[in-house]
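Notes follow once the structure below has been shown.
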Amino acid sequence: MSELKTENQELATVYSARDIEVETYKFWEENDCFKADAKSDKEAYSIVIPPPNVTGVLHMGHALDGTLQDILIRYNRMLQKEVLWMPGCDHAGIATQNVIEKNLAKEGISRHDLGRERFLAKTWEWAEEHKNRILEQFKILGASFDLSRKRFTLDEGCSNAVKKVFVDLYNKGLIYKGSYIVNWCPRCQSAISDIETNYETEDGNLWEISYALKDEMGAIVIATTRPETMFGDVAIAVNPTDYKYKDLIGKECVMPLTGRAIPIIADDYVDKSFGTGALKITPAHDPNDFEVGLRHNLPQIKVIDEKGCMMKNEFVPPQIQGLTREEAREKTVKMLEENQVLIKITKHVHNVGKCQRCNTTIEPLLSKQWFVKMEPLAKRAIEVVKDGTIKFIPQRWEKNYLMWMENIRDWCISRQLWWGHRVPAYYHNQTGEMVVALENPDPNNYTQDTDVLDTWFSSGLWPFETMGWPVKTSEDYKKFYPTNTLVTGFDIIFFWVARMITMGLEFTDVAPFSTVYIHGLIRDEHGQKMSKSKGNTIDPVDLIEKYGTDALRFTLTSLCTYGGQDIKISDEKFEFGRNFANKVWNASRFVLMNLTKPKEELKLDLANLSLADKWILNEFNEVAKIVNENLETYRIGEVATVLYDFFWNKYCDWYVELSKIEKNEAVLVYILENYLRLLHPIMPHITEAIWQKMPIEKDKVGILFTQYPQFDEKLTFKDAKNMETVFELIKALRNVRAEFNIPLGSMINISIDNNEELYSQIIPYLKRLAKVEDVKFEKNPNSEKSATCVVEDTKITIPLADLIDLDQEIKRQQKKIEKLEIELKSINGRLNNEKFVSSAPKEVVDKTKERKEELLSEIGLIEETIKKLS
RNA sequence: GGGCGUUUAGCUCAGUUGGUAGAGCGCUUCCCUUACAAGGAAGAUGUCGGGAGUUCGAGCCUCUCAACGCCCACCA
């Protein structure tokens, strides 16, 4: 077994995170700590990573997503489950192909110059080179995934799964090929799906064009935002209830510029109040017109080609042929003007579809593509969310998911790219007959379809294709499928989560995971999305170098709210985690440094505990309970808060301080060790490094395999809260010191008039923590020239001789009374309200009454004091 | 057009079944007390976006208005 070397850190007063983190990760790797055992008989817990793109480099989104997954994995590992975090990458069809093409363009060549095979060879070479880069980067996050199982969406196993799924769906009639209008990206030269299309508002014009009636006088004026598509017009449509045009329905008109005659039809789709109420129908270049065209059996005339240029055919005037869409628009408008059929131009803001990948304006284009029939598949995917088989956290995303699923449209899965899973359809070279099959039936006579599949088609199979499917007997599949939790951002619920659910149910008959944990998106300090083009990105690698991985993880975790709000970050925010890591390091160092026998194991003796010991054990026990509850319910930010508060404000500020006066080393070490375990999932490296140095029996390789602390009845102590009264007293004395500027060098004496039993236990603490010289217990001390403080039902008198400024002291006391009286007033208001007393729960009423008594007594004591002073 | 989110201390944000508001940073005063100045001690700061309602009681539940943001739909 290799050892964790951290000797050089032993005495450093400032924690140098990176040295420890690098060493620690190496230690885990060398001991093969993350390897999942499919043969284990322990309960399984598994997560599949949302496969990052091969083209990608680590960004803040990965850092957050990865941290959250690692927390869940480490937590469940410590719950003694057999955990598998499955890593891998996505081949990212369009994104990768774009990168390669861009590189080629620098050399002045296109993919067509290379040809499909050479292009793919080049892309594979590049992918192989970059495939591991991003997963390597995940390591600096401390990711405890099982790299021996690393997968790639284009590897052999995934490719087989994709083929099988395609063929099966085709055979079930759920995949079909057809001519439909699709979103075409003229730059990517491919169809893209609806959700890969984003809409942007653009300033445009609404052109009103007059179409003369055929065989009679008069004309009909239509309004359009895209005059260049008019050459593909096949009809003019009006609303059947529109009296303006009632008489024209069924007649024909003559198109300007080309003279082609088209019918005037009636269709409900037309909005009477928009434009002129008459709409030109261009089925080949507009999705709505396409639908209208089908309803009326109209022809489809294509006038724009795949490059976004006007076609050279009989429908397009020679002057327009070959022009780009933009040029054609300008020229068409000019020609219409010359022909005096352009009636009106109005400014019009409208939405224009853009390619998600390259932001090129989409051309709705009639084209032959492959589609998945989604509606039948969506049924069960809706069910499992409705019946709670799959739970979204936060729950509000379920509504979002269901709305989308219930209005699902067929999914265009074919892409005219080269990089991806090729459609397993084969065409006979002579007859053109199509065969959809796992293999080419006869390579001499059949040629494979040239299209590839949407990247999300393969990532939709990710939870089971990585587990050995379609071999259902494979060990991983049996042990680790279905997976437990899926962790991702809301931006890919439709792209990815929805598809995994549908495909998982269809092919494995179970939901691929039971919980979908949706976290917010990382944004810059102004709430803007981070993007390279905006130049507002923060590189997690830089942050890690500056603050350390654990600091990054802790900070990010603390910012995760239960509602999954987006997370605004700036560089300085990570000081929070860095400071905390430093605190953990130093406190641990202090505790371990001062052990009387640094190497000896200490036994916790529950029969022999001081009030302080009971208090800290009790507090820790509560924390363990809350932390477990919050991890189970994905309130992960709360976990960080609770752990921070306990360690800093309870353990360090009080218990470790008290230990400088009187200490129970067994408790000090017990709390520290168990605390490190609680913290380990969030801050894995620092906790491991310290744990390795602790004088405890180590029956595990590292802290990562130890049992996660749970609530323990034995560690509850009823009277532990008394310690808080003690702290109140100490704070009150410190306050007196601060108010009267009494330097720490001069000791004070005090008289306590009540609760001798409690306070006599803590005299040593008072000496050290409040610089008290002498403590007297007496009922009516001489309070002349004294300051007074009241803690609950006890009055403490501090003779200050000439240091006291009586006016100041009276003021101080009056201020306290004012505060207490505000509360008393509100409490009296409640207690005097009969309805409150009768309808509020008894507990609440009793508590309120109790509080009233406390307040009255405290106020009484203070008033008494003021009287004596004045 | 439909849906969702946000609005709480100067800033960034928490606030888990309604019981009377918290953290971090910043700010004021004091302290280099040998674990930690990336620290310690003591403080100050809020009509919880506006209005109405339910309730003994509302930051939290209902309605309404306002501002900002996001998602879906894609009227040419």
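Residue numbering restarts at 1 for every chain, and letters A, B, ... go by the order of the sequence lines.
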- Report yes if a donor N or O on one partner sits less than 3.5 Å from an acceptor N or O on the other, where the partners are the side chain of A/N351 and the base of B/C74; otherwise report no. yes
- Message: Distance check needed: B/C74 P versus A/E202 CD, whole Å only.
- Response: 17 Å
- Item | Distance below 4.0 Å between A/K583 side-chain N/O and B/G40 OP1 or OP2 | yes
- At under 4.0 Å, does any side-chain N or O of A/T561 touch on OP1 or OP2 of B/A14? yes
- Message: Could you go through A/K847 and A/E850, starting from their C-alpha distance and side-chain angles, then the distance that decides it, and tell me whether this counts as salt bridge (Lys or Arg N to Asp or Glu O under 4.0 Å)?
- Response: CA-CA 5 Å; A/K847 219 168 115 191; A/E850 234 171 79; over 6 Å; no
- Task: Kindly give the heavy-atom pair with the smallest separation between A/L342 and A/W207, and that separation in Å.
- Result: CD1-CD1, 3.7 Å
- Query: Hey, which of these two, A/I730 or A/C652, hits RNA chain B nearer its 5' end, going by closest nucleotide?
  - Reply: A/C652
- Task: Look at the side-chain N and O atoms of A/Q565 and state whether any lies under 4.0 Å from the OP1 or OP2 oxygen of B/C13.
- Result: no
- Using whole Å, report how far CZ of A/R578 lies from C1' of B/A37. 11 Å
- Task: Kindly say if A/R734 contacts the phosphate of B/A42, meaning a side-chain N or O under 4.0 Å from OP1 or OP2.
- Result: yes
- How close or far is atom P of B/A41 from atom CD1 of A/I742, stated in whole angstroms? 18 Å
- Please determine if a side-chain N or O atom of A/N735 lies less than 4.0 Å away from the OP1 or OP2 oxygen of B/G43. yes
- Message: Please confirm whether the shortest side-chain N or O distance from A/W397 to OP1 or OP2 of B/C71 is below 4.0 Å.
- Response: no
- Query: Taking atom P of B/A73 as reference, at what distance in whole Å does atom CD1 of A/I362 sit?
  - Reply: 14 Å
- Message: It should be established whether A/K819 places a side-chain nitrogen or oxygen under 4.0 Å from OP1 or OP2 of nucleotide B/A44.
- Response: yes
- Query: Any luck finding a side-chain donor-acceptor pair between A/N833 and A/R830 under 3.5 Å?
  - Reply: no
- Query: What are the two closest heavy atoms between A/W404 and A/A498, and how far apart are they?
  - Reply: CZ3-CB, 3.6 Å
- Task: Can you tell me the pairing partner of B/C13 across any strand shown, Watson-Crick or G-U wobble, with both distances under 3.5 angstrom?
- Result: B/G22
- Query: For the side chain of A/E200 and the backbone of A/T361, is there at least one donor-acceptor N/O pair under 3.5 Å apart?
  - Reply: no
- Item | Closest to side chain of A/L279, choosing from B/G19, B/A76, B/C71 | B/A76
- Message: Show, in sequence, the C-alpha distance, side-chain angles and deciding distance for A/I181 and A/L365, and conclude whether the side-chain contact (heavy atoms from CB on, under 4.5 Å) test is met.
- Response: CA-CA 5 Å; A/I181 198 135; A/L365 207 68; 5.7 Å; no
- Take atom NZ of A/K835 and atom P of B/U54, then tell me their distance rounded to the nearest Å. 11 Å
- Query: Starting at CG of A/N741 and ending at C1' of B/U28, how long is that distance when rounded to a whole Å?
  - Reply: 13 Å
- Item | Nucleotide B/U6, atom P - distance to NE2 of A/H526 in whole Å | 23 Å
- Query: Is A/H350 near enough to B/C74 that one of its side-chain N or O atoms lies under 4.0 angstrom from OP1 or OP2?
  - Reply: no
- Message: If the cut-off is 4.0 Å, is A/K660 near the phosphate of B/A35, judged by side-chain N/O to OP1 or OP2?
- Response: yes
- Task: Go through B/A41, B/G39, B/A14 for me and flag the one nearest to the A/E638 side chain.
- Result: B/A14
- Counting side-chain heavy atoms from CB outward, which of B/C74, B/C56, B/A76 is closest to A/S839? B/C56
- Message: Looking at B/C13, I'd like to know if its phosphate oxygens (OP1 or OP2) sit under 4.0 Å from a side-chain N or O belonging to A/K568.
- Response: yes
- Interatomic distance, A/L744 CG vs B/A42 C1' [rounded to whole Å]: 11 Å
- Tell me which nucleotide among B/C36, B/G19, B/A76 gets nearest to the side chain of A/E657. B/C36
- Query: Under 4.0 Å between a side-chain N or O of A/K573 and OP1 or OP2 of B/G24?
  - Reply: no
- Task: Ignoring backbone atoms, establish whether A/N400 has a side-chain N or O less than 4.0 Å from OP1 or OP2 of B/C72.
- Result: no
- First of A/F836 and A/N630 reached from the 5' end of RNA chain B, by closest nucleotide: A/N630
